[in-house]
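To start, the structure under review is shown below, and the notes come after it.
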Amino acid sequence: MNTSSIVTSGRRKKAAPTSPSRQQARTAATRRKLLLAAEQTFAHDGYEAARLEDIAARAGYTRGAFYANFDSKEDIFFALLEQWVAQRISEVNELLRRHENPQQRLRALREHYAQIAKDRRLALLSLEFKLFAVRHPEAHARLRARQRGLRSCGGDILRRVMKSLGRSLPISSAAAATALGAFSHAMLLEHLVDSSSLSDAEIRHLLGLFFDAVVASQKQ
């Protein structure tokens, strides 16, 4: 027997441990694919009609792979909401980091809000989240808490930008964030129902005007 293969300096060599990071990376990649598939499926079919089989197949996996990562359709639905909230907050914070001047930050926020018109899936998912809350009272509190978290962050960003300008919002920051989100989603849904009713340019123009009206400042 070749003892050098098992003994080094009088001690038995230990087998190299399996790197947990590689397994974690595979698991994270699987979750990302399933979440993307869920986003596409919910936006296309709606929450009620969406099936786990469809989500798994769209991602290239089986039901077993789905259940290895999520407990249920509701579980992945809320995971998708968490991801959506985190992405929106990250995008806005990154946008603000690019500008030091308060006035530039406000203009950047306005432009970002007006450009939301490009994201049709966002409007559909937002509608699905709200319909889910209405149709499933037992999950309403959970969804409402996530929505409040998003509004709180959005409202806080608006409040801080306005404060840096020496001004304040004419309404509460939560109300401002709620109104901005509701109006943008309404415009997008109308466009999805009948694209001839509102052009992309008209939607962006109206969103810009509404943003100006909501943040119509008051001097502190």
Side-chain angles (χ1 to χ4, degrees), residues 20-94 112-113 116-157 173-193:
S21 60
R22 185 172 298 178
Q23 178 59 40
Q24 289 170 355
R26 283 198 295 266
T27 299
T30 300
R31 283 181 64 89
R32 284 196 299 271
K33 290 179 182 178
L34 285 168
L35 283 167
L36 177 59
E39 178 183 338
Q40 294 168 343
T41 303
F42 290 142
H44 185 269
D45 301 332
Y47 176 82
E48 302 294 345
R51 302 187 309 164
L52 296 185
E53 295 88 342
D54 298 332
I55 295 173
R58 191 187 289 265
Y61 297 109
T62 62
R63 282 175 62 97
F66 179 94
Y67 282 118
N69 289 274
F70 299 99
D71 294 332
S72 64
K73 185 170 70 169
E74 182 178 317
D75 187 32
I76 197 172
F77 187 74
F78 276 100
L80 184 61
L81 175 59
E82 295 284 1
Q83 175 180 275
W84 179 67
V85 169
Q87 286 176 346
R88 299 287 82 76
I89 294 172
S90 177
E91 287 172 3
V92 173
N93 284 330
E94 176 59 30
H112 177 74
Y113 176 70
I116 290 176
K118 293 181 178 179
D119 195 345
R120 304 293 190 270
R121 193 175 298 160
L122 177 63
L124 290 173
L125 284 175
S126 177
L127 179 61
E128 284 301 317
F129 291 140
K130 290 176 174 63
L131 288 174
F132 180 82
V134 172
R135 293 169 177 167
H136 301 270
E138 70 281 1
H140 190 181
R142 185 180 175 188
L143 181 62
R144 186 172 54 209
R146 269 54 171 193
Q147 289 287 81
R148 283 179 176 173
L150 177 60
R151 287 196 298 268
S152 176
C153 289
D156 184 59
I157 289 170
S173 58
T178 300
L180 288 169
F183 187 71
S184 66
H185 295 155
M187 292 294 98
L188 288 173
L189 287 171
E190 289 297 331
H191 183 79
L192 287 171
V193 172

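Position 1 is the first residue of the sequence; numbering continues from there.
Under the 4.5 Å side-chain criterion, counting only non-hydrogen atoms from C-beta, L52 is in contact with Y67. You'll find the side chain of S72 reaches within 4.5 Å of the side chain of D75, heavy atoms only. Under the 4.5 Å side-chain criterion, counting only non-hydrogen atoms from C-beta, E94 is not in contact with E91. Counting heavy atoms from C-beta outward, Y47 and H136 have side chains that approach closer than 4.5 Å. Between H112 and V92 there is a side-chain heavy-atom pair separated by less than 4.5 Å.
Using bins of under 30°, 30° to 60° and over 60° for the plane-to-plane angle, the ring pair W84/H185 lands in the tilted bin.
Proximity of a side-chain donor or acceptor of N93 to a complementary backbone N or O of I89 within less than 3.5 Å is detected.
Rounding to the nearest 0.5 Å places CD of E128 at 12.5 Å from CG of L81. The structure places CD of Q87 at 12.0 Å from CD of E82, a figure rounded to the nearest 0.5 Å. Considering CZ of F66 and CG of D54, their distance stands at 11.0 Å, rounded to 0.5 Å. To the nearest 0.5 Å, atoms CZ (R51) and CG (D45) are separated by 9.5 Å.
Between Y113 and F183, the gap from one ring centroid to the other reaches at least 6.0 Å.
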Per-pair distances, 0.1 Å, donor-acceptor, side chain in residues 31-42, under 3.5 Å, sequence neighbours excluded:
unit_1	atom_1	unit_2	atom_2	d
R31	NH1	N69	O	3.0
T41	OG1	A37	O	2.7
T41	OG1	R58	NE	3.0

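Residues forming a side-chain contact (heavy atoms from CB on, under 4.5 Å) with T62 (at least two apart in sequence, or on another chain): A65.
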